[in-house]
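Heavy atoms only: backbone and side chains are in, while hydrogens, waters and symmetry mates are out.
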Amino acid sequence: MKYFTISPSPALARYVRSFWVLEHEVSEGQPYIHRTMADGCAELIFHYKGRFDELFANDKIELSFNSGIHGQSQTFRRFLIREDFGIFGVYLYPFAIPVLFGIPSTEISNEMPDMEAFLGKKGVELEEKMMLATDTSERVEVMTHFLESCLRRNQPSEPAVFSVINQIIRSNGIASVPELAASSFLSTRQFERKFKAFSGFSPKLFSRIIRFQSALNAYGDKEKSLTEIAYECGYYDQSHFIHDFKAFSGDHPRFYFSGRTEGTGYRDV
């Protein structure tokens, strides 16, 4: 399995956390199952090789998109593929959705529209260019040109809530939301309304998801116990940690950190 990230251009760095690539040769008779976790940030996804099926709890299986956007989410999804695959992703800050595409982040919360449903004709054209690109460098070039043109066209302002969202991400969800709200010079109602429009979630839920993501990043650290991970990530106690972890991932943290759960192969690269 091959997984790596690429830094965006300086013009996009405020809105794009990274570009990433995941490639894998799937063994015959051993399908690969990928699990996406709850995440406060959205991702543009392009399957330039292979195509996944999405697995649902009622044993229903549906063919997933070739390309689209995985909105910021508060739950997990499971996908299966029986062939070699290659994926190019664009990991976005939450407020990139309204800034780059002119829609509130709430419109894609917990949603996975394909590129045409998300961007219309421009989405179809972008998908074609990404699928015809010959390598990662060309895909980065195509995406950079497209996103920078979106940025120039929309000429975004920088609401105070942008910095609040960034501080919550940088603090791994531990920052004091009331204190951050006060620093934005907005009333509580204004702050919560703007925060949700630009992040897709309420401040409290967004902070919980970011805290959970910080716990995921402790994967591979064999020196820390679950209790240590829980406290370092800002959980009050282990039961609180276990409750959120299961809600956002579908797994008990002990099973996840054992390395035996599905979809963690890229973390071992």
Side-chain angles (χ1 to χ4, degrees), residues 17 33-43 54-60 70-80 91 93-94 105-106 108-112 161 164-183 188-189 191-193 195-196 198-269:
R17 299 185 70 174
I33 297 179
H34 184 71
R35 181 185 294 243
T36 64
M37 308 294 198
D39 199 329
C41 298
E43 294 181 298
E54 183 168 3
L55 307 176
F56 296 89
N58 58 0
D59 294 329
K60 181 181 177 183
H70 191 313
Q72 58 280 349
S73 61
Q74 64 189 90
T75 187
F76 62 93
R77 291 176 182 255
R78 299 174 69 235
F79 302 87
L80 177 146
Y91 195 33
Y93 285 100
S105 293
T106 47
I108 62 164
S109 295
N110 298 311
E111 300 292 336
M112 273 190 67
V161 75
V164 174
I165 292 171
N166 271 330
Q167 287 182 65
I168 292 174
I169 292 173
R170 286 197 296 268
S171 72
N172 292 325
I174 301 177
S176 167
V177 174
E179 290 179 8
L180 294 175
S183 70
T188 301
R189 183 174 297 180
F191 171 76
E192 291 184 351
R193 186 179 69 250
F195 190 99
K196 191 169 185 178
F198 286 114
S199 75
F201 296 120
S202 69
K204 183 177 180 180
L205 178 55
F206 183 78
S207 295
R208 283 178 61 207
I209 294 171
I210 296 301
R211 190 180 308 128
F212 159 74
Q213 278 288 322
S214 73
L216 287 183
N217 291 333
Y219 179 88
D221 190 341
K222 306 297 185 182
E223 302 300 317
K224 293 180 181 177
S225 68
L226 291 184
T227 300
E228 289 173 318
I229 293 172
Y231 284 123
E232 286 183 8
C233 294
Y235 291 95
Y236 297 115
D237 53 45
Q238 196 167 12
S239 63
H240 179 208
F241 174 51
I242 293 171
H243 175 272
D244 270 16
F245 202 97
K246 290 175 72 175
F248 293 142
S249 74
D251 275 335
H252 190 288
R254 181 171 291 105
F255 185 62
Y256 176 81
F257 287 107
S258 73
R260 292 179 286 126
T261 190
E262 61 195 16
T264 56
Y266 75 97
R267 292 186 178 271
D268 295 319
V269 175

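Residues I242 and P253 meet the side-chain proximity criterion, which asks for heavy atoms closer than 4.5 Å. Looking at R17 and I169, their side chains come closer than 4.5 Å, going by heavy atoms from C-beta outward. Under the 4.5 Å side-chain criterion, counting only non-hydrogen atoms from C-beta, F248 is not in contact with F76.
Ring geometry for F245 against F212 counts as perpendicular: the plane angle is over 60°, on a 0 to 90° scale with 30° as the lower cut.
Judged purely by atom type and a 3.5 angstrom limit, S105 uses its side chain to pair as donor or acceptor with the backbone of P94. At least one donor-acceptor pair under 3.5 Å links the side chain of N110 to the backbone N or O of Q74.
Distance check, rounded to the nearest 0.5 Å: CD1 of I174 to OH of Y235 gives 9.5 Å. Between the OG1 atom of T227 and the CD atom of Q238 there is a distance of 3.5 Å, given to the nearest 0.5 Å. Interatomic distance, L205 CG to I210 CD1, rounded to the nearest 0.5 Å: 10.0 Å.
The two residues S249 and R35 make their nearest non-hydrogen contact at O-NH1, 2.8 Å.
Residues satisfying the salt bridge (Lys or Arg N to Asp or Glu O under 4.0 Å) test with R211, not counting sequence neighbours, are none. Shown here are the ring-ring contact (aromatic ring centres under 6.0 Å, His included) partners of F201, two or more places apart in sequence or in another chain: there are none. A search for side-chain contact (heavy atoms from CB on, under 4.5 Å) contacts involving K224 returns D221, E228, I229, E232, not counting sequence neighbours.
Within a 6.0 Å sphere centred on CZ of F56, heavy atoms belonging to other residues, nucleotides or ligands number more than 12. Heavy-atom contacts from other residues, nucleotides or ligands closer than 6.0 Å to NE2 of H243 number 12 or fewer.
Checked options Y93, F198, F195; the residue passing with F206 is F195 (criterion: ring pair (Phe, Tyr, Trp, His ring centres under 6.0 Å)).
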